[in-house]
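Residue numbers start from 1 in every chain, and the chains themselves are labelled A, B, ... in the order their sequence lines are given, proteins ahead of strands.
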Amino acid sequence: MSRLAAAFAKDRPALVTFVTAGDPTPDATPAILDALVEGGADVIELGMPFTDPMADGPAIQAANLRSLGAGTRTADILRIAGDFRSRHPDVPLVLMGYANPMTIRGADWFASECAQAGVDGVICVDIPPEEDGEIGPALRDCGISLIRLATPTTDAMRLPTVLNGSSGFLYYVSVAGITGTQQAALDTIEDAVGRLKSATDIPVAVGFGVRTPEQASDIAKVADGVVVGSALVELVARHGADAAGPVRDLTGMLAEAVHAAR
Amino acid sequence: MNANQPNSFRNQPDEFGHFGQFGGRYVAETLMPLILELQREYEKAKTDPTFRDEFESLLEHYVGRPSPLYFAPRLTEELGGAQVWFKRDELNHTGAHKINNCIGQILLAIRMGKTRIIAETGAGQHGVATATVAARFGLPCVIYMGAKDVERQQPNVFRMRLLGAEVVPVESGARTLKDAMNDALRDWVANVHDTFYIIGTAAGPHPYPELVRDFQSVIGREARQQMLDRTGKLPDLLVAAIGGGSNAIGLFHPFLDDPDVKMLGIEAAGHGLDKEHAASLAGGRPGILHGNKTYLLQDEDGQIAEAHSISAGLDYPGIGPEHSWLKDIGRVEYDSVTDDEALEAFQLLCRTEGIIPALEPSHAIAAVARVAPRMGKDEIILANLCGRGDKDIFTVADALGVKL
Ligand SMILES: Cc1ncc(COP(=O)(O)O)c(C=O)c1O
């Protein structure tokens, strides 16, 4: 079983956590990733910084700028990923980011570097299924999951297009908007997840706007996984190179809430 | 033309929005259904006579089209070579070509039942044009503008506010056009249900590059007919400045299948191509940004570089995808002009023709001044005078060391 499949096959909902690679510096990231694992995260999403993070709100925009300002390069991110894999052979690691940094040297190059670094999946915000050829075939050839996003605007007609070629898990973006916005109402999330789950066997994780253990617990009652990003990134913003402790604490509370939700 | 050339240069893009390897629809999933709906709606509008009538009527009675085709005698004499003609889109309502596109897009917005308008702007010309059509149709309007551009284009900021638009200064990144576009996209993602994004240039996700080109092609269609009526022949060379490329593609497109008409697109070389500039074709590589694949100024990791031009309307690290394609297949030639050359051309046109051009077309005029002397007196250059310079007098005064 793949690492991603295993993470969702445990008899409880999964906690998926996001931080930006190289924030505040490339040297600080490994300790923050370790803190996520120690806190009990089941899947790690590592953001690839980009100069123009169009789908991100202020918190993650600032993280991107801090990281790039510290000189983070693609090579650093791949090294951070590879080192993480050596330290944590069983924890799934997903790279999340934008098309240009992922494809600029060719999707084949990116996919094979990801495979070598032990990356399990890739989320590319601005490559919709219509442009799958840009990255999908390269990732699938290397055995890396292409994790697609479904949103409140993804209607029933379109859903099969999104699911076709998706693997690992389906990331349901609970609000039409950027990262860090308000969470959607719980009943609409429950409806949406129900619709998605009746259309696919891959796990459905819900994110965007989830900040507190209470919110995470509520969503974990209806979904296979809960994604928390901005709230963790804000801790990194506040504590900088000393963020590992606070990140571990919040992750611990989130994990407890998510794992015990049902 | 060699055997690898297509039968026509005018039938791009394909149904997926690709101009060769360029273009496409690189947007977040939230936007994708809307982009597809826009494409369907635009396909219908294209063949709907009511839509076309309304578009043309507004262009005639509200914008003031057709714009004149003007032979510039004193500039021609001063340059001592080819005859120089201008398509006078600076005489349009709101002072630039941008309004042509805004009329088309707001009619689409209304067709689609959208009730709120957003746009990005660099020089403020597109912002003013958008605020204008929003006022004309009574829709609320939010304009995203880089904070640096807000500073250097104060008159246009005031105009937009007079027209009832909310102007949001964008503080992220380099605080110019690229960052304004990021924030406009962020707004759109959060408000897809009621909001129409009027993109200001022939770039962005499909179908924007196509529809902006189509709306702006009125420039080239008119100019082609006017030139035939006045001289009995087609121009030998077309020249236009390029930010995202909408005024250029609007002029060029109707001539693309006229094999004897050469075309020259002019990018902004800023302080020089070896320094800070905004010439994506000259100094960039293909990449993905703002919904399309196109030439971009970027580093080896694909991080987007900050552009520089004295002209806020050209200060963008990308270019519309159709230009990337036209460059690669060799149908259009592209060159660049520095800030200093543009400033000089700005003054040249003021002095010789009594026309104050915007800094954007001043780049085209500088290129005209470069090539006209090398051409015969019987040859014709047609340049797009796509905007007037009222908005730029503070920038120009500053650059010339004059205190206003
Ligand atoms: C007068 C004028 N010309 C040109 C441009 C550049 O845009 P484009 O290349 O799309 O024509 C602008 C943009 O603001 C403008 O205001």
Side-chain angles (χ1 to χ4, degrees), chain A residues 48-58 61-62 64-65 67-68 72-77 97-105 110 123-131 133-135 148-155 157-159 161-162 171-173 175-182 208, chain B residues 15-18 21 23-37 39 170-174 178-195 204-206 285-294 296-306 317-318:
Chain A
M48 292 179 66
F50 184 42
T51 40
D52 296 84
M54 281 123 5
D56 285 300
Q61 280 178 49
N64 279 263
L65 292 181
S67 170
L68 293 172
T72 305
R73 315 289 319 200
T74 299
D76 297 317
I77 300 165
Y98 292 83
N100 204 45
M102 291 183 181
T103 58
I104 193 65
R105 293 180 176 86
F110 180 67
I123 304 173
C124 184
V125 175
D126 51 348
I127 297 188
E130 280 75 3
E131 302 290 352
E134 201 62 48
I135 199 166
R148 291 239 181 84
L149 306 169
T151 71
T153 60
T154 311
D155 56 27
M157 274 260 289
R158 180 170 171 71
L159 186 55
T161 310
V162 172
Y171 187 149
Y172 180 63
V173 173
V175 279
I178 51 180
T179 54
T181 34
Q182 286 280 305
F208 274 45
Chain B
E15 63 179 302
F16 309 109
H18 294 130
Q21 65 154 319
R25 295 175 285 212
Y26 298 91
V27 295
E29 171 62 21
T30 309
L31 293 178
M32 203 56 217
L34 185 67
I35 296 277
L36 294 169
E37 188 196 339
Q39 183 181 350
V170 174
E171 294 289 351
S172 59
K178 159 175 92 83
D179 314 290
M181 194 144 182
N182 289 336
D183 265 19
L185 284 165
R186 289 179 186 120
D187 178 316
W188 200 24
V189 166
N191 297 290
V192 269
H193 57 287
D194 68 350
T195 296
H206 180 61
R285 287 184 297 144
I288 296 166
L289 180 70
H290 292 155
N292 57 178
K293 185 189 277 188
T294 193
L296 300 170
L297 298 179
Q298 55 183 318
D299 70 11
E300 321 80 77
D301 278 350
Q303 303 296 350
I304 308 302
E306 288 172 9

*Which answer fits Ala150(A), side chain, backbone, both or neither, if we ask what part of it has an atom under 4.5 Å from a heavy atom of chain B?*
backbone
*Asn100(A) side chain to Gly302(B) backbone, donor-acceptor under 3.5 Å*: yes
*Check whether Pro53(A) gets within reach of chain B through its side chain, its backbone, both or neither, counting any heavy atom under 4.5 Å.*
both
*Carefully, step by step, assess Met54(A) and Asp183(B) under the rule side-chain contact (heavy atoms from CB on, under 4.5 Å).*
CA-CA 7 Å; Met54(A) 281 123 5; Asp183(B) 265 19; over 6 Å; no
*Identify which part of Thr103(A) has an atom lying under 4.5 Å from any heavy atom of chain B, answering side chain, backbone, both or neither.*
side chain
*Could you tell me whether Glu37(B) atom CD has more than 12 heavy atoms of other residues or ligands within 6.0 Å of it?*
yes
_Contacting region of Pro205(B) [heavy-atom separation from chain A under 4.5 Å]_ = neither
*Arg186(B) side chain to Ala55(A) main-chain N or O, any donor-acceptor pair under 3.5 Å?*
no
_Which atoms of His193(B) are under 4.5 Å from chain A, going by heavy atoms: the side chain, the backbone, both sets, or neither?_
neither
*asked:* Can you give me the closest heavy-atom contact between Glu130(A) and Leu36(B), atom names plus distance?
replied: OE2-CD1, 3.8 Å
_Distance-minimising heavy-atom pair for Ile178(A) and Val189(B)_ = N-CG1, 4.3 Å
*Run through Gln303(B), Met181(B), Lys178(B) and flag the one making a side chain to side chain contact (heavy atoms under 4.5 Å, CB included) with Asp52(A).*
Lys178(B)
*Quick one: what part of Gln298(B) sits under 4.5 Å from any heavy atom of chain A, side chain, backbone, both or neither?*
side chain
*Which region of Ile304(B), side chain (C-beta onward) or backbone (N, CA, C, O), has a non-hydrogen atom less than 4.5 Å from a non-hydrogen atom of chain A, or is it both or neither?*
both
*asked:* What part of Asp56(A) gets within 4.5 angstrom of chain B, counting heavy atoms only: side chain, backbone, both, or neither?
replied: backbone
*Can you see which heavy atom on Glu300(B) is nearest to which on Ile104(A), and at what distance?*
O-CG2, 3.5 Å
_Could you measure the distance from the CG atom of Asp301(B) to the OG1 atom of Thr51(A)? Nearest 0.5 Å is fine._
10.5 Å
Can you give each donor-acceptor pair under 3.5 Å made by side-chain atoms of residues 23-35 of chain B, sequence neighbours left out, with the distance rounded to 0.1 Å?
| from | atom 1 | to | atom 2 | distance (Å) |
| --- | --- | --- | --- | --- |
| Arg25(B) | NH1 | Gln39(B) | OE1 | 2.9 |
| Tyr26(B) | OH | Glu131(A) | OE1 | 3.3 |
| Tyr26(B) | OH | Glu134(A) | OE1 | 2.7 |
| Glu29(B) | OE1 | Arg158(A) | NH2 | 2.9 |
| Glu29(B) | OE2 | Thr154(A) | OG1 | 2.9 |
| Glu29(B) | OE2 | Arg158(A) | NE | 2.8 |

